[in-house]
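All remarks here apply to the structure that follows.
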Amino acid sequence: MPVPTSRPRTLYDKVFEDHVVHSGEGDTLIYIDRHLVHEVTRLAFEGLRNAGRKVRRPDCTLVTVDHNIPTTTRKSFKNVSSFITETDSRAQVEALEDNVKEFGLTYFGMSDKRQGIVHIIGPEQGFTLPGTTVVCGDSHTSTHGAFGALAFGIGTSEVEHVLATQTLPQAKSKNMRISVEGELSEGVMSKDIVLHIIGVIGTAGGTGAVIEFAGSAIRSLSMEARMSICNMSIEGGARAGMIAPDEITFEYLKGRPLSPREGEEWEQAVAYWRTLKTDAGAKYDIEVEIKAEDIIPTVTWGTSPQDTVPITGVVPNPADFKESVRPNVVRSLEYMGLESGVPMEEVKIDKAFFGSCTNGRIEDMRSAARVILAAEKSGGPAKVAEWVEAMVVPGSGLVKQQAEAEGLDVIFKRAGFDWREAGCSMCLGMNPDQLKPQERCASTSNRNFEGRQGAGGRTHLMSPAMVAAAALTGYLTDVRKMMGSGSDKDAGLKITSYHDYLQPMDLPHPPIEPIGDKPSEQTSLQQAAAASAGLPPFTVVQGSACPWSRANTDTDLIIPKQFLKTLLRTGLGAALFWPVRYDIKTGEPVSDFVLNKEPYTRSQILVSTGENFGCGSSREHAPWALMDFGIRALIGISYGEIFKNNCFKNGMLCIELPAAEVALLHKDAEAGLELAVDLPNQQILRPNGEAPIPFDVDPFRKHCLINGLDDIGLTFQHKEAIERFDERRTQIWPWLDGVGYAKKGQKVVPLKTGGKKMEW
Ligand SMILES: CC(C)[C@H](C(=O)O)[C@@H](O)C(=O)O
Ligand code: SF4
């Protein structure tokens with residue numbers, strides 16, 4: 001709730017503090033306004049069911065399906081059971097649909113034109129609003145911060161927590177501001193800005209912080225462009241990215257199905273939204289300044305989003321990097337099949353992928369179509385190079401519909417692109433859209449991790465216009481050479497308004513479910529233990545420690561996409577580190593991979609000298625796989641934040657130590673010696689009488705780990721505070737309750753099709 005204070009506050013401070021339900025020992029309990037759900041976190045519903053709990057605010061929950069679905073034509077679509085042929089994907093979507101029915105949730109399924117990638121449909125429907133807290137079991141939830149929302153990715157356990165309580169315990173992050181000042185040069189898009197930023201700050205640059213993007217270059221951007229930037233804040237390691245809402249934001253939201261209704265409610269909402277900016281004099285913990293004119297079209301060369309280079313540059317030389325990261329650079333270049341010194345524009349591609357939650361919006365489509373039109377006009381290569389396969393996957397059914405009404409599909413198809421249905425597609429290839437080993441792809445997506453788009457596949461990240469240029473020439477290409485003068489940039493494009501495609505939304509507004517399975521009478525943490533116990537208690541973990549040195553070990557490497565289809569949380573140990581633990585061709589264990597060797601096959605601890613362990617995706621399957629293998633404690637320099645949180649939710653401990661101390665323990669591990677992590681005494685016991693190494697841990701987390709407490713039971717302690725928050729929210733922000741979305745009983749009018757026959 002708006003907090004009276006004279007202290008100057010940042011945008012993040014305001015949204016966080018306005019959502020505090022309870023603060024005491026441990027993390028602060030904050031209210032969650034908006035919850036998006038997709039099929040990969042469907043296991044959260046099992047937890048609810050087992051505990052006999054309901055979804056507390058179905059009216060604040062929106063479900064869709066995006067990761068597993070094929071993007072082939074839906075002309076013959078009847079239901080997912082007959083349409084999805086891949087068994088595990090089908091089971092995952094079917095299970096989600098059963099949950100949606102059982103728990104009475106609003107669902108955009110495959111026969112609904114509003115289906116699409118969660119991070120596209122939330123803003124599209126006006127579900128995402130300024131000043132709200134938004135979560136989803138997906139790391140790119142940061143996208144929604146473009147509206148001045150506090151939006152962040154969570155794991156499956158936290159999804160369950162939000163479904164049951166509509167709240168989440170959260171630690172306050174640091175405030176970080178990245179200002180991009182000045183004018184952007186011709187041909188530079190928001191994707192170039194964010195790739196440039198990540199190149200500057202690194203993938204761990206935002207760890208522990210919420211980034212506010214500011215400055216004249218950011219303020220000049222459209223909402224679509226702002227979303228692409230906030231989307232990739234997670235690639236910069238941040239908890240969330242935010243941009244203060246302004247007239248561009250309000251204009252984007254006006255008339256959307258779930259936006260506040262025009263009239264008094266709209267005026268009231270906008271008046272509140274205008275307060276959502278950082279106060280003069282508010283302090284940031286970290287400030288980064290970037291000059292817009294320094295940014296030119298940017299591509300990645302390696303296997304981490306920080307491996308960026310201007311398109312005019314060359315493949316880097318490992319010798320130019322500091323010694324500690326040189327082995328990573330060598331490994332990346334080898335994986336990517338690139339020679340140092342080769343100009344980026346001489347790198348030949350096999351595939352071009354256009355889509356994802358970063359760049360699957362209408363504006364992205366238009367910018368790529370402009371490149372094709374310019375090529376047609378100038379007589380340059382206007383067809384996809386004959387050795388390239390190129391696909392366009394709109395981010396949602398509505399983006400597809402609008403693009404078709406604008407004739408963009410015709411432009412793409414004429415150039416030889418494959419025109420698909422909405423979904424995540426080859427961004428991560430949980431569906432059949434994948435790279436083959438060693439295929440090289442120019443991609444508008446957000447992650448270039450090893451195996452991300454398909455085992456052995458090689459990904460170069462870039463803007464939609466750059467992907468179009470690469471598809472046409474068959475090489476990574478500086479799009480500026482293909483664009484001509486900017487004066488007639490919309491020639492040949494028919495721009496339409498989203499108003500032609502949206503329909504009023506008739507979301508149900510069932511009564512708010514009471515909190516907890518039974519009215520809570522518990523008064524103390526000890527009593528809460530009875531309700532919340534369920535995690536294995538963590539006291540002393542002793543055993544062999546696995547030495548690990550890779551920096552930026554991402555969760556795709558810990559457990560790749562094919563294992564996210566599991567219907568169980570257990571049994572993933574055999575797949576831990578699959579891409580490097582098994583031979584890609586034979587499937588046999590790689591004999592010199594650490595976990596395949598004795599004594600490490602029995603490791604209970606992992607010691608990583610590489611920083612940022614567990615970065616990337618929010619998949620809770622990563623800690624599940626480690627745990628199933630037998631690892632309960634991790635010792636390292638730094639971790640991906642969502643990963644660290646997910647470990648904690650599973651009764652695992654991530655210890656952070658200075659690099660020199662980690663190096664000592666790494667040596668012990670390499671020598672095959674045992675370590676013991678003693679949580680009650682906060683120390684790591686070393687072999688051969690070496691002095692123990694003390695470590696810090698948050699007292700509340702320590703208490704929960706030692707007692708095996710899970711958060712949901714603890715949150716039920718604050719039942720009254722949550723109910724009070726509900727009531728005040730209805731008074732202050734009435735547009736956030738489902739009842740405000742549409743008049744009850746209002747008929748859903750059919751979508752306007754822009755005169756075109758829809759494909760399904
Ligand atoms: C599947 C999901 C948990 C994951 C994420 O959190 O990001 C996915 O969207 C990804 O991009 O890897
Ligand atoms: S990053 Fe890719 S896989 Fe993840 S939500 Fe976005 S489009 Fe889907």
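What you see below is based on every heavy atom in this structure, not just the backbone, and it leaves out hydrogens, waters and symmetry mates. Just follow the structure's listing: the first ligand is 1, and inside any ligand the first atom is 1.
Residues meeting the ring-ring contact (aromatic ring centres under 6.0 Å, His included) test with F577, sequence neighbours left out: W548. Taking the ring-ring contact (aromatic ring centres under 6.0 Å, His included) definition, one finds that Y107 meets it with nothing, sequence neighbours left out.
Under 4.0 Å is where a charged nitrogen must lie from a carboxylate oxygen, and between R701 and D27 at least one such pair does. A salt bridge between R49 and E102 is present, with a side-chain N of the basic residue lying under 4.0 Å from a carboxylate O of the acidic one. Comment: D554 does not engage R452 in a salt bridge, judged by the lack of any side-chain N to carboxylate O separation of less than 4.0 angstrom. Between E97 and R42, no side-chain nitrogen of the basic residue sits less than 4.0 Å from a carboxylate oxygen of the acidic one, so the salt-bridge criterion is not met.
Near N446, meaning under 4.0 Å from one of its heavy atoms, ligand 2 places the atoms 1 (S).
Side-chain contact of N645 with E158: a donor-acceptor pair under 3.5 Å is present, judged by distance alone.
Judged by the shortest distance from any of its heavy atoms, K561 lies outside the 4.0 Å radius around the atoms of ligand 2.
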Residues T203, N552; criterion side chain to side chain donor-acceptor pair (under 3.5 Å); working and verdict: CA-CA 8 Å; T203 49; N552 298 313; 2.9 Å; yes
What are the atom names and distances for all N or O pairs under 3.5 Å between ligand 1 and the protein?
residue	atom	partner	partner atom	Å
ligand 1	6 (O)	S139	N	2.9
ligand 1	6 (O)	S139	OG	3.3
ligand 1	6 (O)	S617	OG	3.4
ligand 1	6 (O)	S618	N	2.8
ligand 1	6 (O)	S618	OG	2.7
ligand 1	7 (O)	S139	N	3.4
ligand 1	7 (O)	S139	OG	2.5
ligand 1	7 (O)	R447	NH1	3.2
ligand 1	9 (O)	H67	NE2	2.7
ligand 1	9 (O)	D138	OD1	3.4
ligand 1	9 (O)	D138	OD2	2.7
ligand 1	11 (O)	R447	NH1	3.2
ligand 1	11 (O)	R452	NH2	2.7
ligand 1	12 (O)	R447	NH1	3.1
ligand 1	12 (O)	R452	NH1	2.8
ligand 1	12 (O)	R452	NH2	3.4
ligand 1	12 (O)	R619	NH2	3.0

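Contacts between R452 and ligand 2 below 4.0 angstrom, taking non-hydrogen atoms only, involve the side chain exclusively.
Here the protein contributes C424 SG as N, O or S atoms under 2.8 Å from atom 8 (Fe) of ligand 2.
A donor-acceptor pair is defined here as one N or O able to donate and one able to accept, closer than 3.5 Å; such a pair exists between the side chain of R440 and the backbone of M336.
The aromatic rings of Y582 and W578 sit tilted, their planes meeting at an angle between 30° and 60°.
If you run side-chain contact (heavy atoms from CB on, under 4.5 Å) between F45 and each of L105, V100, V159, only L105 comes through.
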